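Residue numbering restarts at 1 for every chain, and letters A, B, ... go by the order of the sequence lines. From a predicted model like this one, the values you see are computed outputs, not experimental measurements. As a basis for the values below, the full set of heavy atoms in this structure was taken, side chains included, without hydrogen atoms, waters or symmetry mates.
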Amino acid sequence: MAIRFELIHQDKETGARYGILHTPHGSFETPIFMPVGTQATVKTLDVDEIKEVSQGLILGNTYHLWLQPGDEIVKDHGGIRGFMNWDGALLTDSGGFQVFSLSKIRKITEDGVTFRHHLNGSLLHLTPEDSIKIQNNLGADIIMSFDECPPFHSSYEYHKESLERTIRWAKRGKEVHENPDSQALFGIVQGGPYKDLRLHSIEELKKIDFPGYSIGGLSVGETKDEMYEILEFLKDKMPEEKPRYLMGVGSPDDIIMGVENGIDMFDCVLPTRIARHGSAMTSVGKVVIKNKTYENDLGPLDPNCDCKVCKNYSRSYLRHLFKAKEMLGLRLVSYHNLYFLKTLMKDIREAIKNDRFSEFKDKVLKEYYR
RNA sequence: GGAGGGGUAGCGAAGAGGCUAAACGCGGCAGACUGUAAAUCUGCUCCCAUCGGGUUCGGCGGUUCGAAACCGUCCCCCUCCA
């Protein structure tokens, strides 16, 4: 088996999980947040910085690297790790989400998905088998089944049909997976807002048997309450002994709610995207650093953060970088936001270990970003 | 001194009688962003106000039912010639 998951402790009141995820390239305490490095780069940061702001496990993307530069080239470097000079662990998404986010120009059939290249318009076709083969070439420690991620509010009928197909795709993917001993293939739970479909999804994926399970189809436009309702429903349905990965979630409040509902792994572009757009996650709430109010603020971005950005630069300077369109601003806030989440996850784990998660949750929801 | 061109909102720049409080760009001020087609997108940006009202297109004076636009005059700016 490529990975091993140890469930070490559960918060007595909420059941929030603390564990360790062992991979071929490192063991990681969970709950963990994994920065997203779609194109074999966490935007604006170099590898040394990624080490500082992550736990050592980051994401890459099948769709993007397949199209550019091509998975064969990445394979020639020994996979993404060699390509980007990353000596930590990796997880790749299957490209399934891109099928959803590029939905204006897609056609889904039993075989796979046909859609247009977002850069040059050429017609492309991707199957579950292709996705796994590409991910074999990319060489991540954890890889994803090729799934369809329908809009949350699609009809029951559509979700059902899509879900059944995604289950068949999961089975097909597992059958062609070449390296189960070095790459753990996760199944992805879908079903939108429909609990019976979610349950059905879990049951079928369990039959196929994966070393870990992802929850997909959330944080795609539904309300927070809708998302939390599904998370709560799934809490005691997911396999106990396997890692649970909530895909695409990364605001502090959503992470907290995920952890409370038994999630072990998170990834999200939010911290790096909003950083590039001038917003910071801090212990005192969201700071839109480009706002005029920080024009002459000599204090640090986050008064309770000990990252190099908060130690060395003022809010006023950071605002100046954004107003002047200097790229250092994007880098520094990206660094901080990821560091902030790394710290948040550490604090979450401590709280669980001490059976004080509930208390910690209240604090975060009251004071932190959003 | 002569000939031509021009002065429009914070800046640049359209507009050449009513559809114009005035396109568009920049700048400014906010907002959004959740398995990254995103250093992006959206809104606001003369003044006061909730409807609505009040002042504008170098100055002044005209023509007209109506002028940023037409006429006169003055003031500034640019180019060329002496």
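Comparing B/A38, B/A32, B/G35 by their nearest atom to the side chain of A/Lys290 picks out B/A32. When the nucleotides B/A39, B/U34, B/A37 are ranked by their closest atom to the side chain of A/Lys224, B/U34 comes out on top.
When the P atom is compared between B/G62 and B/A67, the two are found 13 Å apart, to the nearest whole Å. Going from the C1' atom of B/U55 to that of B/C26 covers 26 Å, rounded to whole Å. Taking the C1' atoms as reference points, B/G7 lies 12 Å from B/G59, given to the whole Å. On the P atoms, B/A22 is 34 Å away from B/C75, given to the nearest whole Å. With both ends at atom C1', the span from B/G12 to B/U36 equals 35 Å, rounded to whole Å. Across the P atoms, B/A39 and B/U45 are found 28 Å apart, a figure rounded to whole Å. Rounded to whole Å, the separation between the C1' atoms of B/G10 and B/G27 comes to 8 Å. For the P atom pair drawn from B/C70 and B/C57, the interatomic distance equals 14 Å after rounding to whole Å.
B/C41 and B/G31 make up a base pair, with Watson-Crick or G-U wobble contacts both under 3.5 Å. Across the strands present, B/C26 finds its partner in B/G10; the criterion is a Watson-Crick or G-U wobble pair with both atom distances under 3.5 angstrom. Pairing partner, B/A68: none, since no Watson-Crick or wobble contact has both distances short of 3.5 Å. The nucleotide B/A3 finds its pairing partner in B/U79, both defining distances of the Watson-Crick or G-U wobble pair being shorter than 3.5 Å. In this entry B/U73 has B/G59 as its Watson-Crick or G-U wobble partner, both defining distances falling under 3.5 Å.
A close approach under 4.0 Å does occur between a side-chain nitrogen or oxygen of A/Ser101 and OP1 or OP2 of B/A37. The shortest distance between the side-chain N/O atoms of A/Arg273 and the OP1/OP2 oxygens of B/U34 is below 4.0 Å. Not one side-chain nitrogen or oxygen of A/Gln39 sits closer than 4.0 Å to the OP1 or OP2 atom of B/U36. Checking the phosphate oxygens (OP1, OP2) of B/C29, a side-chain nitrogen or oxygen of A/Lys323 falls inside 4.0 Å. For A/Thr38, a side-chain nitrogen or oxygen approaches OP1 or OP2 of B/U36 to under 4.0 Å. Checking the phosphate oxygens (OP1, OP2) of B/A37, no side-chain nitrogen or oxygen of A/Asn61 falls inside 4.0 Å. Between A/Arg319 and B/C29, a side-chain N or O to OP1/OP2 separation shorter than 4.0 Å is present. For B/G35, neither phosphate oxygen OP1 nor OP2 lies less than 4.0 angstrom from any side-chain nitrogen or oxygen of A/Gln98. Between B/G31 and A/Lys286, no contact under 4.0 Å exists linking OP1 or OP2 to a side-chain N or O. A/Lys43 has no side-chain polar atom (N or O) that falls below the 4.0 Å cut-off from OP1 or OP2 of B/A37.
Side-chain contact check for A/Asp267 and A/Tyr245: at least one donor-acceptor pair (N or O, by modelled atom type) lies under 3.5 Å.
Checked options A/Met144, A/Gln135, A/His177; the residue passing with A/Leu185 is A/His177 (criterion: side-chain contact (heavy atoms from CB on, under 4.5 Å)).
Nearest-nucleotide positions on RNA chain B place A/Val220 closer to the 5' end than the other of A/Met327 and A/Val220. Nearest-nucleotide positions on RNA chain B place A/Asn291 closer to the 5' end than the other of A/Ser219 and A/Asn291.
Looking at heavy-atom distances under 4.0 Å, A/Leu119 makes no contact with the nucleic acid at all. Counting non-hydrogen atoms under 4.0 angstrom, A/Asp267 reaches the backbone sugars and phosphates but no base. In this structure, A/Leu59 reaches the sugar-phosphate backbone alone: every heavy-atom distance under 4.0 Å involves primed, P, OP1 or OP2 atoms, never a base. Among the atoms of the strands shown, none is found under 4.0 Å from any heavy atom of A/Gly258.
Cation-pi geometry between A/Lys107 and A/Phe115 is not met at under 6.0 angstrom from the ring centre and within 45 degrees of the axis. Geometrically, A/Lys290 does not engage A/Phe322 in a cation-pi contact, judged by NZ or CZ lying under 6.0 Å from the ring centre and within 45° of the ring axis. For the pair A/Lys237 and A/Phe233, the distance from NZ or CZ to the six-membered ring centre is under 6.0 Å and the angle to the ring normal is within 45 degrees.
For A/His77 and A/Phe83, the ring centers sit closer than 6.0 Å to each other. Checked against a 6.0 Å centroid threshold, the rings of A/His153 and A/His159 do not count as neighbours.
B/U40 has A/His277 stacked on its base ring, the centres lying under 5.5 angstrom apart and the planes within 30 degrees of parallel.
Taking 4.0 Å as the cut-off between side-chain N and carboxylate O, A/Asp209 and A/Lys171 do not count as a salt-bridged pair.
Judged by distance alone, with hydrogens and angles left aside, A/Thr272 brings a side-chain donor or acceptor within reach of the base of B/U36, the pair sitting under 3.5 Å. Within 3.5 Å, a donor on the side chain of A/Asp147 pairs with an acceptor on the base of B/G35, or the reverse.
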